[in-house]
Every structure is written in C-alpha cells, then in structure tokens.
Amino acid sequence: MPPFLQARNIGKKFGPVTVLQEVSFDVRRGEIHVVVGENGAGKSTLMRILSGVYTDYEGTLAVAGETVRFRSPLDAARHGISMVHQELSLVPQLGALDNIFLGRERGVGRPRWLNRGGQIERAQQALARLGLDVDWETPVEQFSMAVRQLIEIAKCLAFDAQVLILDEPTSALDKTEVQRLEELLRSLRQDGKAILYITHKMEEIYRLPDRITVLRDGKHICTEPVSALSETQLISAMIGREWSGASLRQPCAIGPTRLVVRDVCVPDPLGSGRRIVDAVSFEVRAGEVLGIAGLEGSGNHELLLGLFGGLPGVSGTVHVDGNLLGEFSPAECRRAGMALLPNDRKAKGLVADMSILHNMTLAALDAMSLRGWIRQRIEVREGETMAGRLALRHSGLHSAVSQLSGGNQQKVVLARWLLSRPSVFLLDDPTRGVDIAAKQEIYRLINECTAQGMAIVMTSSETPELRGLADRILVLHRGRITGCFPRDEATQERILAAAMGVGAMPSMESKSS
Amino acid sequence: MKTLFRDITPALRALAALALVVGLGCVFNAGGSFFKPDTHTDMLRHISRFGILACGMTLVIITGGIDLSVGSVLGLAAVCFSLFTMHYQWPSWLAIVTTLGIGAAAGSVSGLLTARFRLQPFIATLAAMVFARGMAKAVSGGQKISTAVQLADGRYSYREAPPIFALLSGRFFGTDIFVVTILFVLVAALCWVALNKLVIGRHWFAIGGNEEAARLSGVPVVSRKVAVYVISAVLAALAGICQAADELQGDPEAGAGYELTAIAIVVIGGSNLMGGRGGILLTLLGTLTIGYVEKILSLNAVTDAYRLMITGVIIVFAVLFQGGWKMAEFLRARRHVVLTATLLTLGLALGWLAVRSRPPGAVGHGRIYVVGMSQCNLGEPWRVQMNEDIRRAAEKHPNLRVIFKDAQNDALIQRAQIEEFLSAQVDAIIVSPKEAAPLTPPIRRAYESGIPVIVLDRQILGDSYTTYISADNEKIGEAAGRWAAQNFPLGTKIVELKGLMTSTPAQQRHSGFRRGIEGAGFEIIFEADMKWLEPNARQEMASALARFPRIDLVYAHNDPGAHGAWLAARAVGREKEIRFIGIDALPQEGQVYVQKGILAASFEYPTGGEQAIEAVLKALRGESLPKQILLPSRAFIGKK
C-alpha cells in the first residue's frame with residue numbers, strides 16, 4: 001500500500017539553531033509508527049510541522065501522493081492529519097461538545113448559529129467509537145486526564161482524521177488507562193488509520209508499534225519494523241558514537257555531607273493525582289556534583305523545583321548542613337542555605353523590568369541592607385564584583401536585563417544565588433538556551449563553586465554535558481530512581497536505558513558512595 | 001546616587017503632558033484667572049487629597065494589584081474622625097491614631113484576601129469598598145457627623161469644631177500653601193523612599209514584575225502584598241481625616257468615586273497598570289496634570305457633562321502617549337486609529353450640541369455685568385427649574401451675563417467654585433449652597449470683598465451675605481398640614497417621606513407639617529428620609545406598603561418623592577386607596593401630577609430664580625435689600 005503521508009527533506013531552523021535537517025520518512029495507512037529520540041532530537045518539531053503548527057520549513061509533504069503545504073492546524077486537519085499535544089489543547093471550562101468543535105463550528109451547518117443537533121450527531125459517532133460516554137456540557141476540567149485525552153482524540157476523529165499524531169500520550173495515565181488506550185489504538189489501526197506516536201518508554205515501544213523511526217540531533221537515522229531492531233541497537237541508534245573529549249570537571253576534595261534528601265514526593269502540578277516524583281532519596285557532599293538524568297516527564301525538573309518549594313504539596317525530609325528544613329518554601333530554603341537556578345529564566349527567573357543589578361541582588365538584599373534600608377554602595381560593589389567574576393557582558397548594571405543575550409541573562413540569575421552564598425546549589429538545566437562561550441563560563445563557575453565546598457545537584461537536557469560535569473549520576477524514570485552511576489560507570493547507553501525504564505541495572509537505589 | 005530613576009523617558013513624557021496642560025491653561029485662562037497665584041494654591045489644595053490616595057495606589061499598582069476600596073475607606077475615616085473629635089471629644093492625637101488604625105485594619109483585610117486567599121485584587125478590594133462604605137453608614141447612622149448637634153426639639157445647634165480641624169484645613173504657618181498640600185508632599189517623599197531605598201520597595205517591584213521569579217528568589221510575597229494594601233488604606237484614612245477637616249463634617253458618602261480619580265492619576269503619570277514599572281515622581285506629575293485639567297475646566301465653567309467627556313478623552317490620549325507608540329506601528333494601525341478618532345470626535349460633537357448653553361444675551365450697550373451662579377446640583381428637577389428661571393430672568397437684561405457652575409453635590413467643589421468667582425472678581429454671586437458649614441467661609445470672604453452674594457434656598461451660617469431668598473418652608477409645610485387636617489377624618493394614617501434631614505428645608509417642611517396637623521388626631525405610622533430622591537422614596541414606600549395594610553395619606557417633602565411613592569403603591573395595586581401630597585409644584589412636574597390625579601395636592605415651592613436676578617440688579621444699582629426675602633406660595637389642589 002502506498003504511504004499515506006510522505007515527508008521529504010524536512011528542515012527547520014529557529015534563528016541560528018538547526019533543529020531538523022533533511023528528515024525524510026513516511027507513514028502508511030493501518031500502522032502504528034513510533035518516533036523516538038533523545039531530548040532535543042527534534043521529534044516534537046517534526047510532529048508540529050506534520051500537523052500544521054509550524055508553517056515555515058524546508059522540504060515537502062505529500063498526502064496520498066499530492067504535495068501539500070499546510071497553512072494552519074485546521075488546514076492539516078482538513079487533509080486528515082490531527083495531533084494530540086502532550087499538554088492537551090482543551091479549554092477547561094467548556095464542555096466536551098464545545099471543545100470538539102472549537103474553531104470549526106462552521107463546518108457543521110449554518111455559519112453563524114451553533115448547530116447543536118448536527119454537532120451532537122457527529123460527536124456521538126466519534127465518542128462511541130472510543131467507548132466514551134460523557135455528558136456534553138460538563139466542563140472538561142472535571143474529567144480525569146485519561147478522559148480528557150480521549151476527548152482530544154474524539155476531536156480528531158470527528159473530523160475524519162486519517163493520521164493521528166500523539167505526543168507522549170501515556171505520560172499522565174496509570175496502568176489500566178494505558179491498556180485501554182493501547183486497545184483503542186489497535187482498533188483504530190484496524191480501521192485503516194495511521195497512528196504516529198512519540199514516547200520514551202521502552203516497554204511501550206516493543207509492545208505496540210509496527211515501525212520505529214529514530215531521530216538524533218535533528219537528523220533521520222533509520223526507520224525499521226519493530227521486529228528488526230533490538231533494544232541495544234535502538235539505543236545505539238539514538239545515541240550515535242560515544243562522545244569523547246576532555247572532562248568538563250576539575251576534580252576537587254569531597255567534604256562532609258551537605259544535603260540529605262529522604263523520600264521526597266512531588267504530586268503532579270496538573271492535578272492528575274499521580275506522583276511526578278515518587279519517594280526519591282539521595283545525599284550530596286561538599287565539593288560534589290550530583291547529576292539527575294531523565295527524559296521528558298521523568299520528574300527530574302520537578303524534583304529540583306519541588307525541593308525548593310516551587311511546587312505545592314511536596315512531602316519528605318530534607319537536611320541542609322545537618323539542619324532539618326522546616327517547610328518547602330523558597331524563603332525557608334534560602335535561609336537554610338539552598339539555592340535554585342530555575343530552568344525557565346523568563347518565567348521563573350528574571351524580572352524583565354528591573355535592571356541587571358537589581359535582578360542580581362534580589363535574593364541577597366538582607367545582607368546588603370541595614371534595618372530595611374538598602375546600602376546602595378554595597379549593592380553596587382557586590383554587583384560589580386559578581387559581574388566580573390562571571391564575565392558578564394553588559395552595557396551598564398543599571399540597564400534593563402531584557403537587553404542581554406540568553407547566556408548573560410542566565411549568568412544574572414546565577415549571580416543572584418551566588419550572592420546569597422548557598423551551601424547547596426540546585427541547577428535546573430543551567431545551560432539551556434545558552435551560547436557556547438557562556439556555557440564554558442558556567443562550567444568554570446560550577447568548578448569554582450565545588451572547589452569552595454558547595455554541593456551541587458544539577459539536571460541537563462544534554463546527557464554528555466551531565467556526564468562531563470557530574471561525579472555521580474542518578475537516573476529517574478517516571479519519578480523513581482532507576483539507576484545510579486558513579487562517573488566512570490556512567491556510559492550513555494546505561495543512562496539512556498535506565499531513563500527509558502529498562503530496569504535490569506545494578507545499584508537501583510542510591511547509595512551515598 | 002547616579003540616577004533618581006532608572007528610566008528617564010516616562011518622567012519626561014509625564015512632564016511633557018503636564019506642560020501641555022499648563023499651556024492649555026494659559027490659552028484658556030478665563031480672563032486671566034489662570035495666572036493668579038490663588039488659582040494654583042487652590043488647585044493644589046483640591047488635588048492633594050487625591051494625590052495622597054494616588055501615592056498609595058502607585059505602590060499597589062507597582063505590585064501588580066489594584067485597590068478599589070480607597071474611596072470608601074476615606075469615607076469611613078472621615079466619619080470616624082469626626083465622631084471621635086466632635087462627639088466623643090477625644091484628644092486629637094488619639095483620634096488620628098485610631099482612625100489610621102481603622103484604615104490599617106481595612107487594608108489588612110484587602111491584603112489578606114488578595115495575598116493569602118488568592119482572590120483577584122479587583123474583586124477583593126471591590127468587596128472591601130462596598131463593605132467599608134456600609135460600615136461608614138452604619139457607624140454614622142446614615143447621617144453626616146458634623147458640628148451640628150440635634151437638640152431635643154429637633155432643631156440644630158452648631159458647636160465649635162476642634163482646633164485640629166482648622167489646623168488641617170488651613171494654610172501652613174503663614175505661607176500661602178495649604179497644610180494638606182504639605183501632607184501630600186510628605187507622603188510622596190516617604191513613598192519615594194520606600195520604593196527606592198528600602199528592601200520592601202525592591203520586593204514590591206519584583207512582585208509586580210514577575211511574581212513567580214520573586215517568590216522563587218525568597219521574597220516573602222504574602223507579607224509584602226499585605227503591607228502594600230495596609231499602606232494604601234492608611235493613606236486613604238489620612239485623606240479622609242483631611243476631608244473631614246475641610247468639610248467640617250464626617251460624611252459617610254465622602255470619597256465616592258475617588259478611587260477612579262486616583263487610578264487615573266497613576267495611569268496618566270505613566271506607571272504601568274500591569275505592575276513592575278512606575279514611580280512616585282510620575283504620580284506627582286500625574287497629580288498636577290489632573291489637577292490642572294480640572295481647574296481649567298472649572299475656571300472656564302465647562303458644564304459637567306462635557307467635562308467628563310473631555311477628561312475621558314484626555315486619559316486615553318495620555319495613556320497612548322505613554323505607550324511610546326512608534327510611527328511605524330501607528331501607520332500600521334491607521335485604519336483603527338481613524339475609526340477611533342472619528343468615534344471620539346462624534347461623541348464630543350454630539351455632547352457639545354446637546355449641552356451647548358444658550359448665548360447669555362446679546363452684547364448690549366454699556367458694561368456687561370458678570371454674575372456667577374453656583375448650583376449645588378442639577379440632579380433635582382427643582383434646581384434645574386431654578387437655573388432655568390434665572391436664565392430667563394437674566395435674558396431680559398442684555399447687560400447681564402450669568403456663568404452657571406454645577407457643584408455636582410460636592411461641598412468642596414462648590415467651595416472651589418466660590419473661590420473661583422472671587423478670584424475672577426465677578427460682579428455678583430448667586431449661590432444655592434449644598435451645606436451651611438463648609439460654604440460659609442468662602443461666601444463670607446466674597447461678601448467682605450465687596451461682591452454682592454444672593455443665597456438661595458438653603459441657609460448658611462452667620463450673616464455675611466447680601467440677602468437670603470427662600471420660600472418659607474415652615475409655612476408651606478404648615479399649609480400642607482392644615483389642608484390635610486381639613487380634608488381628612490380622625491385617625492387618618494399618614495406616611496411622611498422626608499427630604500435630606502440635615503438640610504434646613506426638610507427640617508422646616510417637617511416641623512411645619514406637624515404643626516399644621518396638630519389636634520387633628522392623625523397618626524404618623526411611618527416616616528423615612530428619602531433625601532429628596534424619587535427612587536429612594538419609592539423604595540421607602542414599598543417598605544411601608546409591605547408593613548402596613550392601611551395607609552390613608554402620604555406626605556412627601558417634594559413632588560418627585562410623592563410620585564415615587566405613588567409608583568410604589570401602583571405596583572401593588574393600592575394607589576386608589578391612598579392620597580398623595582407633595583411640595584414644589586413645578587409647572588411640568590407637580591402641577592401635571594395634580595392635573596392627572598396622581599397627587600391630591602401640591603404646594604408650590606417657588607425657586608426664587610427670578611427674584612434672585614431682581615436682587616442682583618438692585619444690588620448692582622446700589623439699592624439696599626432686606627436680609628431675607630420670603631417668597632409667596634400657592635396651593636394646587638386636584639379635583640375630587
């Protein structure tokens with residue numbers, strides 16, 4: 001059977017960064033086709049191009065032999081290609097019916113008036129297909145994630161989707177819901193639909209799909225039937241050659257334990273009831289860098305954010321320098337000597353309207369003020385010293401932070417916390433969106449901090465970086481620790497396997513060695 | 001101290017806007033009034049209260065919030081302060097501290113609702129606004145707390161206000177600047193220090209700029225937010241104390257709508273409503289800008305409706321100007337720009353057409369005499385009639401030019417208008433005062449400077465005026481009472497709907513009526529203060545109808561009130577079994593009601609407009625006038 005959807009030489013750039021390069025593959029009717037790759041391999045970008053979200057790309061798409069260029073997701077949907085995003089695109093306060101027909105009300109009868117009857121008829125068919133029986137008008141926020149996901153799929157089916165693209169559909173589902181979804185996908189496959197599927201979970205890859213496509217660094221590596229690719233071969237394909245090069249880390253003396261984390265649990269901030277971080281325990285010593293590895297949805301970011309009190313409902317015990325942390329709140333953590341570099345500096349780090357200096361000193365004002373009165377001379381002096389130490393490129397400490405490059409902005413947030421002189425520094429993806437030169441400077445800084453006796457816990461979206469910096473690497477999968485490797489045992493294959501849930505690894509629980 | 005504020009440009013823009021307004025004032029200078037120093041100190045005096053509110057509002061807006069409750073807290077504070085000083089005779093410092101403390105309590109409620117319980121600031125402070133207004137009315141019993149103390153026989157005696165009142169409402173130690181202006185400058189300075197020199201100010205900016213980033217940096221977001229709302233409310237309480245001192249009373253309605261002016265000041269100054277950007281200097285400039293706009297409109301006697309429209313347009317332009325639109329963006333949006341400009345212009349043109357006052361008489365031979373007329377409000381039809389009577393009487397004399405100003409029922413605005421007349425050296429003043437106490441000083445000043453002052457309808461204190469023209473409300477009320485006594489049997493059940501009982505006419509119509517029905521064996525089963533307003537009368541009557549199965553006669557202190565009562569009765573089908581009588585008998589109102597059978601009788605309350613013009617002419621000719629002129633009155637009785 002000729003492929004329904006063909007992609008030829010797809011390329012995409014975001015500014016100077018190439019995210020996809022000459023990717024070609026195809027999707028056949030009646031198949032379940034899974035796309036895998038490490039963080040940043042380009043999977044989501046590719047799916048968004050296929051579903052019409054990104055309209056600016058190189059290369060061609062063909063549907064049923066006819067070359068197309070989608071102008072919008074609606075356009076793609078009309079050609080039969082619909083995507084269910086990981087974060088779902090439902091309006092929480094609207095009911096199932098309104099959500100399904102959102103933006104497409106015109107297609108059902110009279111243009112200006114809502115055609116309720118026609119809508120119900122069409123939606124009824126779709127929902128019956130999925131075995132779903134819900135009240136049309138109840139706001140969808142009252143339904144579970146699994147039901148909401150099915151409503152999204154119904155949305156696609158109601159408009160005759162031929163290719164259904166699912167981005168990490170099982171990340172928010174429990175075991176029974178996953179089974180139900182898989183049965184549904186099998187039955188859709190029998191109807192002749194094509195399912196395109198992104199996932200990180202090894203067990204799913206080998207249970208359901210017919211073919212696998214591997215992406216790495218924006219390039220298409222291979223497309224094979226599942227039976228033709230073993231696990232090890234798959235992982236090798238995802239990693240490519242082993243990255244070799246000088247270690248980024250300068251060894252230094254390891255001192256006493258500074259951070260003890262016991263049984264920390266973080267509930268899902270989206271309210272699904274699941275635990276994003278499930279009873280994680282570890283310890284970090286002075287001068288040590290502990291890396292937390294994991295793929296999207298593994299809980300590594302939430303672990304750091306939760307420890308610092310950035311997410312609600314965190315439980316567990318934490319000791320910093322032997323003192324029990326009273327509550328999980330940023331103010332309390334700061335007092336205890338912990339610092340957090342958040343992974344989204346725009347949303348959680350920088351105050352865009354404030355100057356560089358003010359952003360830098362925000363966490364350390366107590367030390368620079370006398371009874372509430374800011375000693376501005378001290379503030380300026382500290383700021384200048386720190387800017388020098390970080391090699392910050394700026395046009396005046398009083399100018400706006402928004403004018404700095406990404407790398408320099410990241411340095412400002414780092415400076416903020418360094419000024420508070422922490423004992424434990426949590427770094428959540430510190431080099432994300434940062435240019436090469438700034439990255440080197442951040443590595444240098446990490447080495448400086450550890451040499452001064454700081455304990456560092458960090459995540460990174462680039463496993464090679466983590467391997468270069470960390471003394472030990474903990475791997476998380478679905479909120480649990482699935483691997484713990486000291487530096488010399490931490491090969492890329494081992495880390496990726498543990499991150500995908502392959503449990504047959506030694507030293508499952510973290511030890512303080 | 002390298003820079004006073006990080007970004008100079010918003011301040012320059014605010015300064016440019018202010019300069020533009022001052023320039024407009026120089027052009028439309030109302031016969032040179034704009035250049036008199038009194039005009040400026042007067043403007044500062046008026047706007048300083050709003051400036052104090054705006055300082056607190058600036059702080060709140062910087063944190064990304066809003067405080068709608070400041071007007072109500074001002075009213076509550078005015079009432080409490082007056083109560084503490086005038087009725088309970090507390091020492092001034094105790095009264096001030098307690099009042100500020102009440103403000104702090106109000107602010108902490110708003111703050112906790114917003115910060116701890118995560119209500120949207122708009123909603124939390126809206127609720128606080130309504131609640132505080134209710135509290136003000138509860139504490140004051142719905143009446144103004146004033147130096148007027150009600151004695152046993154229902155008359156009022158006037159005590160002396162405590163010296164703190166004179167201190168707060170007067171000028172500063174021999175200079176020309178008013179104390180309230182000094183307070184405003186002090187408050188602004190303190191707020192500036194807090195924003196720029198203290199840790200808490202830095203935290204406020206961070207919270208407004210990116211609350212999540214601030215929280216994750218260890219900023220105690222909840223306590224900082226509560227603090228800012230407390231400060232805003234305390235400043236509102238301070239403004240309330242100043243207002244009470246100015247008005248010589250605690251008015252539970254004081255401050256209504258002030259929060260919008262405060263917000264407008266902050267916005268025009270250039271602080272960003274979204275939070276994170278702004279400053280006290282900007283607010284200072286915004287205060288002066290709004291102050292001058294209002295003063296220029298007032299000096300030029302621009303009518304109220306037009307004034308509101310102009311202010312709205314100014315706010316729009318000021319904000320657009322602040323937005324720093326680049327030429328390219330403007331051109332791209334030109335379709336919408338043209339559309340908006342057209343709509344605004346149409347609106348202004350329609351308003352001008354509708355509101356255009358008739359030319360005050362052709363330019364005659366000889367000198368034109370300018371008469372300033374300040375009407376306490378144009379909400380009551382009777383007062384609209386009064387202005388109409390004055391206009392018609394003045395038209396007959398081409399050398400008389402009357403400038404009408406509407407005080408919008410605000411005693412302080414009316415005071416400013418008298419000051420403006422005095423400053424412009426008009427030839428005569430006609431005034432229908434809102435309240436006796438706050439208006440007596442400016443009227444006395446005008447009178448003592450040689451300007452003849454005709455006082456209409458409501459009295460002022462003392463005798464520093466040329467003549468007081470009124471109808472005799474006592475006699476009219478008594479006539480109504482006697483008519484009722486002659487036409488109704490023993491045991492008649494009466495509902496009395498009273499006008500604003502803190503004003504003399506209502507008191508007199510009440511006591512006159514009671515005298516008229518003495519001995520007739522009538523029973524007053526229900527009485528309520530409907531404040532001269534028809535909707536209020538209707539509501540009160542509805543309550544009466546619900547409570548009493550039998551009502552024979554309704555006596556309302558004015559025809560709108562009687563009409564409102566009639567509507568309430570008709571809504572429950574009882575209008576045929578009740579008789580309604582009122583006072584005013586305006587040709588297009590009360591007299592029509594009588595003809596239609598809605599009112600059994602209406603007793604004329606002449607406006608005195610015609611007599612006022614006659615008195616002005618006599619005074620200008622140098623003839624002497626009696627101190628009080630009582631107007632005659634007729635009764636309009638319906639067929640039965």
Side-chain angles (χ1 to χ4, degrees), chain A residues 305 308-311 329-336 338-377 379-380 396-402 413 416-417 419-420 422 426 428, chain B residues 1-10 61-64 115-116 118 190-228 231 270-279 282 322 324:
Chain A
L305 193 56
F308 201 69
L311 292 172
S329 80
E332 187 60 33
C333 289
R334 183 172 64 100
R335 259 189 293 263
M338 260 212 285
L340 169 74
L341 184 77
N343 67 346
D344 186 351
R345 54 181 169 271
K346 247 199 196 111
K348 301 195 195 118
L350 295 170
V351 183
D353 288 321
M354 281 170 80
S355 65
I356 298 175
L357 181 64
H358 290 183
N359 263 290
M360 268 198 216
T361 55
L362 190 56
L365 283 172
D366 291 341
M368 296 175 196
S369 61
L370 189 60
R371 269 191 252 270
W373 186 280
I374 302 176
R375 316 274 297 283
Q376 277 177 324
R377 243 173 263 151
E379 190 186 11
V380 171
L397 284 183
H398 291 283
S399 50
V401 143
S402 42
V413 191
R416 176 187 299 166
W417 286 109
L419 277 176
S420 76
L426 309 173
D428 197 354
Chain B
M1 198 169 70
K2 257 209 284 194
T3 41
L4 261 178
F5 34 83
R6 192 169 54 81
D7 199 357
I8 291 230
T9 331
I61 285 182
I62 281 178
T63 65
R116 189 73 185 75
R118 310 209 126 260
L190 285 172
C191 290
W192 185 88
V193 165
L195 274 182
N196 291 288
K197 298 288 181 194
L198 297 185
V199 174
I200 196 171
R202 195 66 67 73
H203 283 180
W204 284 333
F205 273 111
I207 292 172
N210 185 340
E211 188 172 324
E212 186 61 13
R215 202 175 65 90
L216 286 176
S217 298
V219 170
V221 172
V222 172
S223 63
R224 295 307 188 213
K225 278 190 177 180
V226 172
V228 86
I231 292 178
S271 297
N272 192 328
L273 262 184
M274 301 276 100
R277 269 182 166 278
L282 297 178
Q322 297 290 354

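When reading the values below, keep in mind they use all heavy atoms of this one structure, side chains included, and skip hydrogens, waters and symmetry mates. Convention: sequence-line order gives letters A, B, ...; per-chain numbering from 1. None of the values given here were measured: they were computed from a predicted structure.
- Of the listed residues (B:Ala214, B:Gly208, B:Ala206, B:Gly209), the one with the most heavy-atom contacts under 4.5 Å to chain A is B:Ala206.
- In this structure, no portion of A:Ala339 lies under 4.5 Å from any heavy atom of chain B.
- Heavy-atom distances place the side chain of A:Thr361, and not its backbone, under 4.5 Å from chain B.
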Does the side chain to side chain contact (heavy atoms under 4.5 Å, CB included) test come out yes or no for A:Phe308 and B:Leu216, once each step is laid out?
CA-CA 8 Å; A:Phe308 201 69; B:Leu216 286 176; 4.1 Å; yes
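- Looking at A:Leu350, only its backbone comes within 4.5 Å of chain B, counting heavy atoms on both sides.
- With sequence neighbours left out, the side-chain contact (heavy atoms from CB on, under 4.5 Å) criterion links A:Asn343 to A:His301, A:Lys348, A:Asp428, A:Asp429.
- For a residue to count as touching a neighbouring chain, one of its non-hydrogen atoms must lie under 4.5 Å from one of that chain's; by this rule B:Val193 touches chain A with the side chain only.
- Residue pairs satisfying the salt bridge (Lys or Arg N to Asp or Glu O under 4.0 Å) criterion with at least one member in residues 358-377 of chain A, sequence neighbours excluded, are listed as follows: A:Arg334-A:Asp366.
- Put simply, CG on B:Leu198 and CG on A:Leu365 are 11.0 Å apart, with the number rounded to the nearest 0.5 Å.
- Contact detail for A:Gly349 and B:Ala213: the closest heavy-atom pair is O-CB, 3.3 Å.
- Annotation: maximal heavy-atom pairing with chain B below 4.5 Å, among A:Val380, A:Val413, A:Val351, occurs at A:Val351.
- Here the side chain of A:Asp353 pairs no donor or acceptor atom with the backbone of B:Gly278 at under 3.5 angstrom.
- Of all the heavy atoms in A:Ala363 and B:Ser217, the pair that sits closest is CB-O, 3.6 Å.
- Of the inter-residue distances, the one linking B:Arg202 atom CZ with A:Met368 atom CE reads 9.0 Å to the nearest 0.5 angstrom.
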